Structures are given as structure tokens and as C-alpha cells.
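As the structure is a prediction and not an experimental result, all values here were calculated from the model. Both backbone and side-chain heavy atoms feed into the values below; hydrogens, waters and symmetry mates do not. We name chains A, B, ... by the order of the sequence lines, and we start the count at 1 in each one.
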Amino acid sequence: MSNYNFNDIEKKWQEYWAKNKTFKANNNTTEPNYYVLDMFPYPSGAGLHVGHPLGYIASDIYARYKRHKGFNVLHPQGYDSFGLPAEQYAIQTGQHPAKTTEVNISRYRNQLDKIGFSFDWSREVRTSNPDYYKWTQWIFIQLFESWYCKTLEKALPISELINIFEEEGNIGVNAKCDKQQAEFSAKQWNDFDDEKKQRILLNYRLAYLAETEVNWCPKLGTVLANDEIVNGVSERGGYPVVRKKMMQWSMRISNYADRLLTDLENLDWSESLKDTQRNWIGKSVGAAIKFKVFLNKKDAQSNYIGATIGVFSTRPDTIFGASFIALAPEHELVQKITTIEQRFEVAKYIEETAKKSERDRMADVKNTTGVFTGAYAEHPFTKEKLPVWIADYVLATYGTGAVMGVPAGDQRDYDFAKKFHLPIKNIFKDIDVSEKAYEEKGNTIIANSDFISGMPHQKASEKVIEALEKLGQGKKKINYRLRDAVFSRQRYWGEPFPVYYKHGLPQMIDLKHLPLVLPKVEKYLPTETGKPPLGRADNWAWDTRHNIVVNKDLIDDITVFPLELNTMPGWAGSSWYFFRYMDPKNTQEFASKEALEYWKNVDLYIGGSEHATGHLLYSRFWTKFLFDRGFVPVNEPFKKLINQGMILGESAFVYYLELEFSNRVILNFALDKKTYEKLILDELEDFDYEIFKEHPCYDEDINFSNLNRLSVNKDNIKKSKNVPIEFVNNSNELDFEKAFQWEPNLKNIHYPLNSNGKYEVFREVEKMSKSKYNVVNPDDICEQYGADTLRMYEMFLGPLEQAKPWSTAGITGVHNFLKKLWRLYHTGENGAFFVNDNPASKESLKTLHKTIKKVTEDIENFSFNTSVSTFMIAVNELTAQKCNSKEVLEPLAVLIAPYAPHIAEELWQKLGYEQSISTVAFPVFNNQYLVEDSKEYPVSFNGKMRFKIELPLSLTKDEIETAVMAHEKTQHYLQGRTPKKVIVVPGKIVNIVG
RNA sequence: GCUCAAGUGGCGGAAUUGGUAGACGCGCUGGAUUCAAAAUCCAGUUCCCUCGGGAGUGUGGGUUCGAUUCCCACCUUGAGUACCA
């Protein structure tokens with residue numbers, strides 16, 4: 001008697017794989033190689049839920065498949081182990097983040113192991129490991145020691161730039177600086193003192209230190225990158241974010257904007273993900289236009305202030321419609337151009353806008369505000385004097401921080417002009433702009449515009465740019481939305497910068513002395529003086545004589561210097577980890593040339609789409625940089641990328657209203673579905689108050705306060721023996737007794753009951769998270785049904801890339817399939833293993849090869865959900881055929897091995913093999929088993945399906961036509977008529993058009 | 001607002017380049033086995049019907065002998081982004 005005892009089988013093979021290092025990748029083979037990578041997890045304290053493994057299962061299936069196909073597969077896993085949650089936990093409990101991280105990692109590892117992944121654990125990396133972050137620090141130094149040459153479109157060593165400066169000055173250098181770098185000659189450069197030289201070089205370095213306006217989150221005590229802010233609040237925690245100027249490390253990613261954009265073309269990524277990156281980079285083509293600023297409207301040269309306002313516009317063709325110029329409140333020219341009369345107003349306005357947080361400003365979109373500076377800008381063609389305003393709808397961080405206001409062509413300019421009674425000049429032929437601006441480009445003809453009147457948009461733009469160039473007041477310009485990335489965090493649990501400060505100037509610590517290891521601190525909070533947590537460390541100064549970390553009391557600024565107090569952001573370590581897996585133990589290089597050359601880039605990368613504008617962009621940036629400097633042989637890190645959809649949790653809630661009565665007794669009334677709908681639709685006028693009126697506490701002056709909700713998920717709290725307390729039955733009815741026991745507050749609610757005398761809870765699908773009590777743990781599924789069932793079921797749920805709610809409703813179907821598969825090999829007495837050497841029936845061979853064909857196609861196309869169905873059909877058919885032949889059952893086991901590796905290994909062993917099934921070649925589809933067969937061809941007349949004719953599958957198109965026309969059924973239908981046309985779709989259908 | 005994706009039974013979802021819509025699974029119904037239950041197996045299951053058939057892939061058009069698939073317009077939902085000049 002032999003049952004499908006999945007728990008024993010899975011444990012046995014997981015141990016076998018670990019012991020035999022079955023999935024260890026080789027760095028030097030003659031076989032072709034393939035690199036399958038998952039986005040490595042952040043080991044959070046909550047552990048894995050069933051959503052996490054979805055992508056890992058998909059990549060594991062593909063990795064195992066590729067091994068069967070004879071590839072040397074690299075399929076590693078590791079941990080993105082620096083991060084905020086561990087630090088916040090440390091702040092609360094005083095535990096060192098390294099310790100909690102360690103605990104979380106071992107929990108993760110434990111959970112991952114239970115699912116039977118084919119990871120090569122010998123290559124594990126952890127970003128918080130000093131052996132690893134030594135190289136993150138090293139890459140930072142390389143970025144510091146590089147500048148970006150716009151002419152060659154690549155990063156070059158800073159030493160080459162110094163050479164140029166020494167010989168030619170900076171006049172011929174085509175590089176982007178964070179601020180306008182004044183020109184200097186070779187002689188001037190050579191005469192500068194060292195400090196000045198260093199300051200100038202900082203303007204060119206790819207990693208640079210500069211005072212930048214940053215997103216400051218006071219609650220988290222740190223700055224955040226743009227992609228870490230969602231809807232104006234922090235992604236983590238949802239705290240408010242304000243703008244603040246700080247001295248920060250930044251990365252000149254904007255230099256790579258164009259390459260990051262154009263290189264997307266050749267990547268095998270989904271179009272929607274590419275679009276997200278394209279939008280984020282935000283390329284727009286237009287013109288840079290300079291306006292001369294005058295003190296007043298009078299046309300006298302003496303009123304010229306001697307400054308110009310540069311604007312960027314995607315619509316230079318609308319320049320004759322310009323009626324004002326608007327500056328961002330933070331614009332550097334504001335002070336210089338504001339007239340004496342307007343000074344007070346302007347100062348007041350700027351103070352007000354500075355007070356507003358990013359979020360307030362966003363919430364206030366509809367409310368246009370601004371103030372006149374008193375100055376005027378001269379139109380380059382008409383010489384008209386346009387008033388210069390300050391307006392907070394103009395962003396300091398985009399373009400030049402100034403716009404030319406063309407009310408007719410831009411709705412925001414239109415609203416602004418309306419509000420402040422500025423002229424609205426119509427410059428479009430046959431278009432009405434009396435109500436709103438006309439923003440379409442299309443084929444509109446420009447009018448009332450001097451030399452471009454009568455031209456369409458595109459041509460007019462070109463002409464204007466041409467004319468501006470002649471005047472020296474403008475040129476064609478490409479602008480990007482992508483901004484340089486802030487690289488400093490006021491945090492403890494991150495990579496320390498390998499930087500010390502000599503007289504305020506940053507100096508790099510030599511590679512020989514890396515890693516610079518995180519110092520010990522007593523508390524993980526910022527210091528009392530507002531410095532980052534590293535400011536609390538005593539041993540945090542750099543002794544340049546001995547090249548060691550020493551106590552900060554020894555700082556003398558001669559030989560001992562202060563170290564950087566910021567740490568690197570979370571994305572630092574994750575921007576290059578895929579290279580480290582290639583050679584994870586290397587102590588001399590971040591990865592050896594040979595390893596990098598052997599594996600090249602990641603062939604298949606699977607992870608969530610939430611990293612589209614963060615991790616995936618930064619990784620591409622660092623890879624391009626490392627490529628430019630010759631450290632890696634590839635320009636892009638991830639050839640093919642798949643975003644697995646999120647698995648959502650289903651939550652159950654009680655919604656209740658808190659009602660405050662005049663006698664100050666507070667009562668909670670649970671809502672039924674109908675009332676709830678009325679409430680959210682604000683239709684409370686016809687709300688049924690009768691139920692409340694019956695209550696003794698009812699009063700005319702009921703005060704409705706907030707709508708509350710309470711989770712009553714059935715899987716959220718576990719009894720000691722892992723049995724979920726069932727709060728809610730399948731009809732969504734609440735079990736009061738159990739619910740009250742769990743959450744006594746539920747007792748204080750008055751429930752409207754349905755006809756069964758029960759209360760129906762609300763169901764909603766939302767993200768799985770600990771705080772929502774809707775987490776399903778994969779361990780429980782593995783224990784109850786086995787890892788193979790979990791793997792197949794997660795694939796069976798639906799298309800990989802689609803988001804879907806978790807439900808165990810269909811899991812028995814998949815589990816039954818595995819039991820049937822087991823039985824297929826155990827048809828002996830009392831369920832004993834039984835397989836024979838007899839040749840298989842033609843029918844069984846047909847089933848097998850049909851399955852091989854479909855499953856191979858499915859894996860190649862990543863449609864794993866349909867191949868689970870294919871397996872089910874195959875097993876059902878083979879069971880019906882009573883197939884016991886090795887000829888079919890052996891290849892079948894291999895076929896299923898990527899999906900359900902444990903059961904496949906067990907069957908393989910029972911079939912008499914000692915080697916792991918993962919070394920066996922994948923079955924090859926043989927057409928002959930299908931071709932010899934016949935097929936029913938549907939025959940239609942004028943598109944209407946009439947009957948089917950059975951014909952051999954091997955016929956050609958013409959033969960099918962002849963055979964169909966000669967067939968008695970056809971002749972019977974035609975009754976002597978001659979059809980006009982016969983259409984044959986091979987293998988499909990025959991259409992007769994009469 | 002802009003960009004993108006998706007709308008198919010009671011449910012999750014199948015359907016090659018346009019070719020028998022609803023595979024497969026869940027659920028449901030009936031049956032077999034059983035003292036009974038679990039487990040397993042078999043049959044049925046889009047809707048309507050006067051049992052001949054008719055309708056049907058968000059809605060309305062179009063192309064085609066033939067449309068879930070291609071084109072146009074609209075509706076709905078989801079995702080991303082947001083004063084980006």
C-alpha cells in the first residue's frame with residue numbers, strides 16, 4: 001500500500017537536493033548558460049505570505065526547465081537586507097537591526113526551503129553583509145571618480161577631465177553640471193588652489209555633494225527619493241513630506257536619461273513597463289528661449305536689467321500668444337528682478353508658498369496663485385514688454401523653473417491669465433478660445449503670428465527656433481523629467497559612505513581599507529542636534545596615518561578627520577547584486593572578469609512592477625555606468641523581464657457607524673450592505689432611521705461621526721494547533737460567539753440581522769499585509785496539501801502577470817490531480833508501484849506527445865496556468881487508457897518535474913533511477929504520433945457550419961479541398977450546384993462559398 | 001486630466017496567424033460504492049425554449065464567407081503618473 005504521502009516525499013527530496021548540491025551552477029562550462037533571477041526579498045518580520053512565492057515558483061519552473069534542456073543554469077537567491085523596517089524596530093526595541101535581520105532571514109529561508117526551489121544557495125548574497133557592501137562602497141567611489149562626457153555619451157575617469165582642464169580649461173568640455181560652472185582657461189585652472197579645484201570637480205562627478213532641495217520626511221527623519229513618495233506622503237508609513245534644502249550626495253542619473261530611454265527599445269520587457277519608465281524619464285522636445293528683463297514697460301535700453309530669463313517650451317509655435325512670463329517662487333532671479341514697489345508683496349508670497357508642504361500644494365491645484373514682480377520681459381520678436389510674475393504652478397525643479405505664459409495654448413496659463421486679468425491672444429485659426437485654452441497640436445493653423453501665420457504647428461515651431469537662433473535668443477532643446485537621484489539617507493541601517501571630510505571637502509577611502517563597517521551606536525535615533533544616527537557613534541573618525549576608524553574625540557583635522565554621517569539609500573545594494581551572484585565569494589573584485597564575461601546579463605528577471613521606476617531604473621543606470629568604465633561587459637542588466645501580478649488577500653469586515661447621542665452615550669450600529677451603499681453614495685436623506693429610533697437611547701439630535709471598520713478575517717488568528725478560528729461561514733455570516741471571544745469590542749456593536757438571524761459581513765479584496773489580518777502563510781498550505789500542490793495551484797490561479805485574489809476554493813482540484821498522477825504509477829495490488837516495459841498504445845503515445853507539445857509551448861510563453869490544465873487532461877486520459885507503460889510514464893514524470901519536482905523525483909526513483917530527475921533531458925515532441933491521426937474537419941457553407949468530415953491529418957491544403965468536394969456529405973448538400981469559392985484553412989476548417 | 005491594461009457561465013479562467021466559444025478546475029445537481037461518513041468513480045451543468053430551435057464573449061457600429069480575436073465610437077473597472085510648460 002502506497003499513498004501519496006507528500007509530507008515525507010517533500011522532506012526527503014529537499015534534504016537530498018541540499019545534501020547533493022543538485023542545483024549548484026558552474027562558472028565554466030561548454031554548455032550554454034542561462035541566468036534566471038528573482039527580485040530578492042527584503043526579509044521583513046512578517047515572513048512570507050502566499051503572494052511572495054508566485055514569481056519564485058514561475059522562475060523556478062523556468063530554471064528547472066532550462067536545466068532539463070541542457071543549460072547550465074544560474075538561479076540564485078539572496079536578501080535585500082538593509083532597510084527601514086528593521087531600523088524602526090530597532091528604534092522601538094533597542095535591538096540591533098543586524099540581529100532582527102538575521103532572525104528574519106532564517107525564517108525566510110525556512111519558508112523558502114519548504115516550497116522546493118532549485119536555488120543555488122552557495123551563492124547567497126546579503127546587502128547588509130560587509131563582504132558585500134564593501135563593493136557597494138567601491139562602486140560609489142568609482143561614481144565619484146567619474147564624469148559624464150556628453151560628446152562621447154559615456155562616463156570617463158575624472159583624471160581625464162583633470163588632464164583636459166590642465167591643458168585646455170573647461171571651455172571645450174561638454175558635460176552636464178548641477179549648477180552653471182563658470183568658464184576657465186588652462187592657466188586659470190592651474191592657478192586655482194587645491195580646494196577650489198576640488199569644488200569645481202564636484203560639479204562634474206557622477207556622485208556629487210551639493211545643496212539640493214530634497215523631500216524631507218520629518219516623521220521618518222530622512223530624505224526620500226521621488227519614487228519613495230506616493231501621493232505626497234512617504235511610501236513607508238504614509239507620513240507627510242516637505243521640501244527642504246540640505247547638503248546631500250546625489251547621483252547624476254539625468255545624464256543617462258537619453259540612453260535609459262532609447263535602450264528600452266531592445267529589451268524584452270512588457271510594453272506597459274517600458275511605458276512607465278518612458279513616462280518617468282519624460283522626454284519632451286521643444287525650445288529654450290531667452291527673454292531680456294526690463295525694469296519697466298518703457299522701451300529704453302537703460303531699463304535693461306542685464307539679465308535674461310530662460311524658459312523651456314514644447315510649443316515655440318505659440319510664442320506670439322505669450323502675454324506674461326511666470327517664475328517659480330524658488331527661481332534664482334526673483335530677488336534680482338523684483339522692483340522696489342513690489343518687494344513687500346513678493347516677499348510675502350514666497351514666505352507663504354514655502355510654508356506649504358508638497359501635499360498642500362498638490363491639494364491646491366485648482367487654486368491659482370501668483371504675484372507680479374514689477375519687471376517686464378521683452379518678447380524676442382515683437383519687442384513687446386511682457387509682465388513677469390511669480391506663480392507656484394511653476395515648478396522650480398522642471399525645465400528652467402520659468403515658463404512663458406501662452407493662455408490660448410495652455411489651460412494653466414489660461415486660468416492664470418483669467419484670474420489676474422492678463423490678455424488672452426488667440427493665435428489659432430478658426431479656433432474659439434473664449435472659454436478655454438486649445439491644447440491640441442494636430443493640424444491647427446497658427447494665426448496672428450507674424451512670420452509663422454498660416455503654418456501648421458510643426459513647421460511653425462521649426463521656423464521660430466530658426467529665427468531665435470539667428471537672434472541668439474534660443475535654440476532647440478530636449479528636456480527630461482528625470483531628475484538626479486538623492487543618495488543620502490539620515491539613517492543607521494544602510495551602507496556607510498567610504499568618505500571622510502577634509503576641511504569640508506569629501507575624500508574617498510582607498511579600496512584597500514574597505515569595507516568601512518557600520519559603527520556601534522547606543523540608540524538608532526537622530527542625535528539631539530539633529531544629526532543622523534551615525535552622529536551617536538564614538539568610533540567614527542578616520543585616521544589618515546593608519547587608515548583606520550578611530551574615536552571621534554581624536555579629530556584634529558590634520559591627520560584625523562570626521563567621517564560621513566549619512567548612509568546610502570536602500571537602492572544602493574540592490575542596483576548591482578545581480579553581478580555579485582556571478583562570483584559571490586570574490587574578495588579581490590566585485591566579480592571576476594571571467595565570471596562577468598561568462599554569464600553576461602540576466603536572461604530572465606521576474607519580480608513585481610512596483611519597482612518599475614525605482615530599482616529597475618537605478619540598476620540600469622549603474623549597469624550602464626559600470627559598462628562605460630569597462631567594469632562589466634554589458635550595457636543592460638536584464639534582457640527579459642516579467643512582472644508577476646500580486647496575489648491579493650480577501651478581507652472580511654464589519655462596518656459600523658459611531659453615533660453620538662446628546663446624553664453623551666456612544667453607540668455603534670453595524671451596517672447592512674444596503675445602508676452602507678447609501679452611506680458611501682451620500683444618500684443619507686432617505687436613510688432608514690427606524691432601527692435606531694427603536695433604541696432607548698435614541699434622540700433627535702443624533703450626531704453621525706466617522707464610519708469605522710473592523711477586520712474579522714477568518715484566517716487571521718490561529719489557535720495553538722494551527723486551526724483557524726472560523727469567524728465567518730461561507731455565506732459570510734458572522735459567528736458572534738467566536739468573534740466576541742476574539743475581539744471583545746465587537747460586543748459593543750448593534751447588528752442588523754438578516755432573515756436567518758445572522759449578520760452578514762463585508763468582503764473586500766486588498767493587498768496582503770499583516771496589518772490587515774488577511775495574510776495566508778505558505779507553510780500552512782505546504783503542510784496541508786504539500787509544496788507541489790502549492791506550486792501548481794499558484795500557477796493554476798491565473799495568468800502570471802495578472803493580479804488575483806487568493807482563495808483556497810480550487811486547491812483541492814489541483815491536489816486531486818497530484819493524487820491521480822500518483823495513482824497512475826501505482827496500479828499494482830493494494831496500490832503498489834506498477835509500471836511495465838510493454839510498448840505503449842498508440843492512443844497513449846498520442847496523449848503524451850500532445851502534452852509534450854503543449855507544455856513546451858506553455859513554458860516558453862510563460863503561460864504556466866494552461867499547462868496545469870494540460871497535465872490534468874493527460875492524466876485523466878492515461879488513467880482511462882489504463883496506461884502502465886514506461887514508454888509514456890517516464891517522459892511524463894520529466895515533463896511534470898519543473899512544476900511538481902518532489903513527486904517527480906519520487907516517481908523517478910521508483911522507476912529505478914538513481915540520478916536526480918533534474919539531470920534528465922526534457923522529452924522531445926514527435927509529430928508522427930499526431931500526424932498519422934485523422935481529424936474532423938468542420939465544413940461550412942457561407943460561413944454557417946453544416947457538418948464535419950473525417951480526414952487524415954497529413955493531407956495538404958489542396959488534397960483537403962478535393963477530398964471535401966468529393967465527399968458524399970458535400971455532394972448531398974450541394975445537390976449539383978457549383979460553389980464560387982472553396983477556402984481551406986489547414987488543420988482547421990473548410991469553407992464553401994456559394 | 002494624461003498614459004497603459006482589461007471586460008467571456010454562479011466563480012477562477014481556456015480559445016495558435018480571425019475558423020466548432022466556454023478547455024481545465026471550483027461550485028452545484030443526480031448516480032455508483034458504503035450500515036454511515038470520508039475518500040473515490042460516473043453522468044450533467046452558458047442562457048432561453050412551445051424540445052424544432054433561438055440568443056450569446058461590456059454597449060453600438062464597421063471589415064469579412066466567418067470576429068472573443070481586426071478597425072471606429074462609447075461605457076465600466078484596474079494600474080501608473082500628475083500643475084512636467
Side-chain angles (χ1 to χ4, degrees), chain A residues 3 226 230-232 270-280 282-284 286 311-315 318 326 328 361-362 364-368 391-395 397-406 409-413 415-416 439 479-483 609-610 612-613 643 645-646 730 792-793 796-799 801-805 807-817 819-820 823 854 857 861 863 865-873 876 879 936-948 979-994:
Chain A
N3 277 327
N226 285 332
V230 178
N231 293 329
S270 75
E271 263 325 294
S272 65
L273 190 82
K274 288 187 188 178
D275 264 325
T276 309
Q277 289 215 344
R278 282 187 197 114
N279 289 339
W280 191 259
K283 177 178 182 172
S284 32
V311 304
F312 171 74
S313 173
T314 54
R315 296 293 301 276
T318 63
R361 220 160 139 172
M362 273 165 66
D364 233 11
V365 167
K366 300 244 155 47
N367 194 7
T368 315
D392 79 349
Y393 81 86
V394 182
L395 297 175
T397 43
Y398 183 76
T400 58
V403 301
M404 78 177 182
V406 184
D410 185 289
Q411 191 57 44
R412 289 155 304 161
D413 295 348
D415 295 341
F416 192 80
E439 294 183 318
N479 207 38
Y480 296 94
R481 203 189 78 119
L482 184 71
R483 293 169 218 164
S609 57
E610 65 272 21
T613 52
N643 289 126
M646 208 183 306
N730 284 339
M792 290 200 103
Y793 183 59
F796 184 69
L797 271 177
E801 306 204 56
Q802 198 177 299
K804 52 227 154 200
S807 140
T808 46
I811 201 164
T812 51
V814 174
H815 189 62
N816 278 345
F817 154 73
K819 285 200 262 185
K820 282 186 207 172
R823 276 204 297 276
K854 186 70 171 49
E857 281 169 7
N861 297 324
S863 53
N865 54 327
T866 50
S867 40
V868 178
S869 297
T870 309
F871 284 128
M872 289 177 176
I873 296 168
N876 283 341
T879 306
E936 280 199 323
Y937 284 81
V939 179
S940 76
F941 289 89
N942 292 342
K944 205 86 191 164
M945 213 56 65
R946 295 293 170 181
F947 48 80
K948 293 166 187 175
K980 274 187 200 156
K981 200 160 75 170
V982 181
I983 302 157
V984 177
V985 182
K988 293 269 167 154
I989 196 168
V990 182
N991 281 289
I992 299 175
V993 185

Among [options], which nucleotide sits nearest the side chain of [X]?
| X | options | value |
| --- | --- | --- |
| A/L395 | B/rA85, B/rC24, B/rU81 | B/rA85 |
| A/K819 | B/rU40, B/rG25, B/rA85 | B/rU40 |
| A/Y393 | B/rU81, B/rA15, B/rC83 | B/rC83 |
| A/T276 | B/rG80, B/rG12, B/rC84 | B/rG80 |
| A/T314 | B/rA85, B/rG13, B/rC83 | B/rA85 |
| A/I873 | B/rC84, B/rU81, B/rC24 | B/rC24 |
| A/N816 | B/rC83, B/rA14, B/rU40 | B/rU40 |
| A/R481 | B/rC26, B/rC83, B/rC84 | B/rC84 |

Report which part of the nucleic acid [X] touches: base, sugar-phosphate, or nothing (heavy-atom distance under 4.0 Å, all strands).
| X | result |
| --- | --- |
| A/P805 | nothing |
| A/D413 | nothing |
| A/R823 | sugar-phosphate |
| A/K820 | sugar-phosphate |

With rounding to the closest Å, how many angstrom separate the [atom1] atoms on [N] and [M]?
| N | M | atom1 | value |
| --- | --- | --- | --- |
| B/rC35 | B/rC24 | P | 34 Å |
| B/rC71 | B/rU64 | C1' | 12 Å |
| B/rG54 | B/rA43 | P | 29 Å |
| B/rA21 | B/rA67 | P | 10 Å |

What is the separation between atom [atom1] on [X] and atom [atom2] on [N], rounded to the nearest whole Å?
| X | N | atom1 | atom2 | answer |
| --- | --- | --- | --- | --- |
| A/D275 | B/rA5 | CG | P | 7 Å |
| A/Q411 | B/rC84 | CD | P | 11 Å |
| A/F817 | B/rU40 | CZ | P | 15 Å |

Exercise for the section: Please determine if a side-chain N or O atom of A/S284 lies less than 4.0 Å away from the OP1 or OP2 oxygen of B/rA85. Expected result: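 Yes, such a contact exists.
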
Problem - Of A/M872 and A/T397, the one whose closest RNA chain B nucleotide lies more 5' - result: A/M872

